[in-house]
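Here the structure comes first, spelled out in structure tokens, and everything after it is commentary.
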Amino acid sequence: MRWSRYFLPTLREVPAEAEVISHQLMVRAGMIRKLAAGIYSYLPFGLRALKKVREIIREEMNRKGALEVYLPVVQPAEIWQESGRWQLYGKELLRFKDRHARDFCLGPTHEEVITDIVRKEVKSYRQLPLNLYQIQTKFRDEVRPRFGLMRGREFEMKDAYSFDKDEEGANKSYQDMYDAYCRIFERCDLNFRAVEADTGPIGGSYSHEFMVLADTGEDIVVGCDTCSYAANMEKAEVRRESIETQGVEMKELEKIYTPQVKTIQDLTTFLSAKPDQMVKTLIFQVDGRPVAALVRGDHEINPVKLKNLLGADVVEMADEETVRRITGAPIGFTGPVGLKGIEIIADFAVQGMVNFITGANEVDRHLKNVNLNRDFKVDRFADIRQAMEGDLCPRCETGRLKITRGIEVGHVFKLGTKYSKAMGATFLDADGKEKYIIMGCYGIGVGRTVAAAIEQNHDENGIIWPFPIAPFHVLILPVNMTDSRMVETAEKIYQELLAEGVEVLLDDRDERPGAKFKDADLIGIPLRITVGNLAVSEGKVEIKFRKTGEVEKVPVNEVTQRIKAILSAQLK
RNA sequence: CGGGGCGUAGCGCAGUUUGGUUUAGCGCGCGUGCCUUGGGAGCACGAGGUCCCCGGUUCAAAUCCGGGCGCCCCGACCA
């Protein structure tokens, strides 16, 4: 491709609206342009990167025997009503009516469509297992789209759905996809971790998220510094620390006056005590009934854990009025002592505490030297808090947990029979009995993967494409377009590389060298061939690696061979 | 959905507080010519605007008032 005939509009300045580096660079490097909030066009250069990722995904999906399909973006309300999600999905589901006033939506995901196809076509266990996937546009009307392609409303997603006759088969399907995902992200040269994720109330199922590690990520990743344990914040387990409390004397319970002291922070200052000597009592509404949850003052409650523990559908913080009704005091003075008619659940860490501080269920009062069993009873101890940096690893003996940020690029999920039951997708098994198909679903954000790759591979000058997803592998840069010898040399190399099938971009623009070099760094093509004075004087050109800055001086007639050698090594 | 910010040429911005001295500006980019060619050169000339939209106040509105729309950030939310 000749740059002069290409559509690659680069920007010198950072667009005001772009906050994160990947977004800035994708706009500056002429990859994308915004049409509306969370809705982007891909320009040719950006599309080439997207296609590279698509192709890697296809190869790995096909390798596992998944079959590509292409499902509609516009979907009728009926199948969503059947699955129950027409009601449940909320405003993220963009709905509209056609000319006959029939209800439709733009597909945010495709479980309904695929289940509809499979229930109609699959009748026998002989047709299973089956794995169907597509790479296609999704639309989710996000409340707040942000960070360019990171959280768009319209975005490209690879979604796969597996169908199996039994648990064993479903587990294998899941593992196949897990393995495929690892290969895909490895091939994209991403530093990622597969983390355990919460599955919600479906039960018995499990799920992993594939997180690309990046400071700008929206998700929190909890990982062990020693073993391979990793989970997202919702799911991350905490190991019980055994604390010796035997022999510590219980002091006498004491009520203290604490005017306007409502938070742990306030208490810390007011009593000059440490947060880990306090117990936070939080009132939750769990499917409509109140529950008190106790965690140590320096810990945060994890509502998802509470929800799973109680097998509840909805867990939310109680409002001011409810708290008053139950505790007799405003928010900020809640404590477990004297609470009646309410289940009390405490985090394991509370179990090892003696003589701690809690709210007194009375305005401007707290209690000191509170003790378990003597002053109140806990109905259940459980792991209900969020993991913290430095916590013991729940899996290995010596590890400590570390907290990092990540970008979720993929998610594998065992669905079980949720959709097959809702929509009646059954098959006749070998034993002659009708059974529900066991499903799994597996998604990858294609555009988000590209953005994540940039987030992880750039420097102050621009993008540094990993070879496997680079829009072009080689950029030829003739320094002076008015020097016919340089132009001819560049042209010769360009033709040779083209003939060899190398993906090459020739910067034949009549720009000054400085501008060309800046653009070259910005768009980040992994190899740059500089055709300059050396080509005229010694018949040599420079091959520069964008990533390392390393430069090789190579005779013009050896360039093509050298490039081929580098590419075959890099692309394996 | 709560809080904050922004909207002036393709991009980045000044001007708005205190209405008129601005014929609406600056830098970059864009076009033409000269000159220059190893890290975003220089000179000259030039094109390019519904100052987000609608309404109001006023002799006079980019500027003040009311309403609307759009975009960005924080939070909540996110099968």
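A, B, ... follow the sequence lines: proteins, then strands. Residue 1 opens every chain. All heavy atoms count here, side chains included; hydrogens, waters and symmetry mates do not.
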Parallel under 30°, tilted from 30 to 60°, perpendicular over 60°: which one fits the rings of A/Phe210 and A/Phe192?
tilted
A/Thr10 versus A/Asp519, side-chain donor and acceptor atoms under 3.5 Å:
yes
For A/Lys64, is there an ion pair with A/Glu60 - N to carboxylate O distance below 4.0 angstrom?
no
Checking contacts here: which listed nucleotide (B/rG38, B/rC73, B/rA79) is nearest the side-chain heavy atoms of A/Asn533?
B/rG38
Return whichever of A/Leu35 or A/Lys516 has its heavy-atom-nearest nucleotide of RNA chain B closer to the 5' end.
A/Lys516
With sugar-phosphate meaning primed atoms plus P, OP1 and OP2, does A/Glu542 contact a base, only sugar-phosphate, or nothing at under 4.0 Å between heavy atoms?
base
I'd like to know if the side chain of A/Asp507 pairs up with that of A/Tyr6 as donor and acceptor (distance under 3.5 Å, no hydrogens or angles considered).
no
N/O donor-acceptor pairs under 3.5 Å from side chains in residues 525-545 of chain A, not counting sequence neighbours:
from     : atom 1 : to       : atom 2 : distance (Å)
A/Arg528 : NE     : A/Thr530 : OG1    : 3.2
A/Ser537 : OG     : A/Asn533 : O      : 3.1

So, is A/Arg144 near the phosphate of B/rC77, with a side-chain N or O under 4.0 Å from OP1 or OP2?
no
What does B/rG49 pair with, Watson-Crick or G-U, if both distances are under 3.5 Å?
none
Looking at A/Lys34, does any N or O in its side chain come under 4.0 Å of the phosphate oxygens OP1/OP2 on B/rG70?
no
Base B/rG38 paired with A/Arg528 side chain (donor-acceptor, <3.5 Å):
no
Nucleotide opposite B/rC77 in a Watson-Crick or G-U pair, distances under 3.5 Å:
none
For A/Lys544, answer base if it contacts any base atom (sugar-phosphate contacts may also be present), sugar-phosphate if it contacts only those atoms, and nothing otherwise; contact means non-hydrogen atoms under 4.0 Å.
base
Would you measure the distance from the C1' atom in B/rU37 across to the matching atom in B/rG15 and give it in whole Å?
39 Å
Out of B/rG39, B/rC78, B/rC71, minimum distance to the side chain of A/Ala36 belongs to B/rC71
Distances under 3.5 Å between protein N/O atoms and the N/O atoms of nucleotides 30-37 of chain B, please, pair by pair.
from   : atom 1 : to       : atom 2 : distance (Å)
B/rU36 : O2     : A/Arg512 : NH1    : 2.6
B/rU37 : O2'    : A/Asn480 : ND2    : 2.9

Nucleotide forming a Watson-Crick or wobble pair with B/rC71, both distances under 3.5 Å:
B/rG5
Could you tell me which nucleotide pairs with B/rC35 by Watson-Crick or G-U wobble geometry, both distances under 3.5 Å, or answer none if nothing does?
none
Any idea which of B/rG75, B/rC71, B/rG39 is nearest the A/Arg146 side chain?
B/rG75
Which part of the nucleic acid, if any, lies within contact of A/Arg28, taking any heavy atom under 4.0 Å across all strands shown: a base, the sugar-phosphate backbone alone, or nothing?
base
Proximal nucleotide (of B/rA79, B/rC78, B/rG40) relative to the A/Glu142 side chain:
B/rC78
By nearest atom, which of the nucleotides B/rG40, B/rG39, B/rC1 is closest to the A/Lys91 side chain?
B/rC1
So does A/Glu154 pair up with A/Arg140, basic N to acidic O under 4.0 Å?
no
For A/Glu321, look at atom CD and say whether over 12 heavy atoms of other residues, nucleotides or ligands are found less than 6.0 Å away.
no
Going by purine N1 to pyrimidine N3 plus the second Watson-Crick contact, or the G-U wobble pair, all under 3.5 Å, which nucleotide sits opposite B/rU58?
none
Under 4.0 Å between a side-chain nitrogen and a carboxylate oxygen: does that hold for A/Arg54 and A/Glu156?
yes
Residue pair A/Asp219/A/Arg509 against RNA chain B: nearer the 5' end by closest nucleotide is A/Arg509
When you measure from the centre of the six-membered ring of A/Trp80, is the NZ or CZ of A/Arg95 closer than 6.0 Å and no more than 45° off the axis?
no
Contact class for A/Phe147 (heavy atom, under 4.0 Å): base, sugar-phosphate, or nothing?
sugar-phosphate
Between the protein and nucleotides 5-12 of chain B, list every N/O to N/O distance that falls short of 3.5 Å.
from   : atom 1 : to      : atom 2 : distance (Å)
B/rG12 : OP1    : A/Ala16 : N      : 3.0
B/rG12 : O2'    : A/Glu13 : OE2    : 3.3

Between A/His208 and the options A/Tyr178, A/Tyr442, A/Tyr181, the ring pair (Phe, Tyr, Trp, His ring centres under 6.0 Å) test singles out A/Tyr178
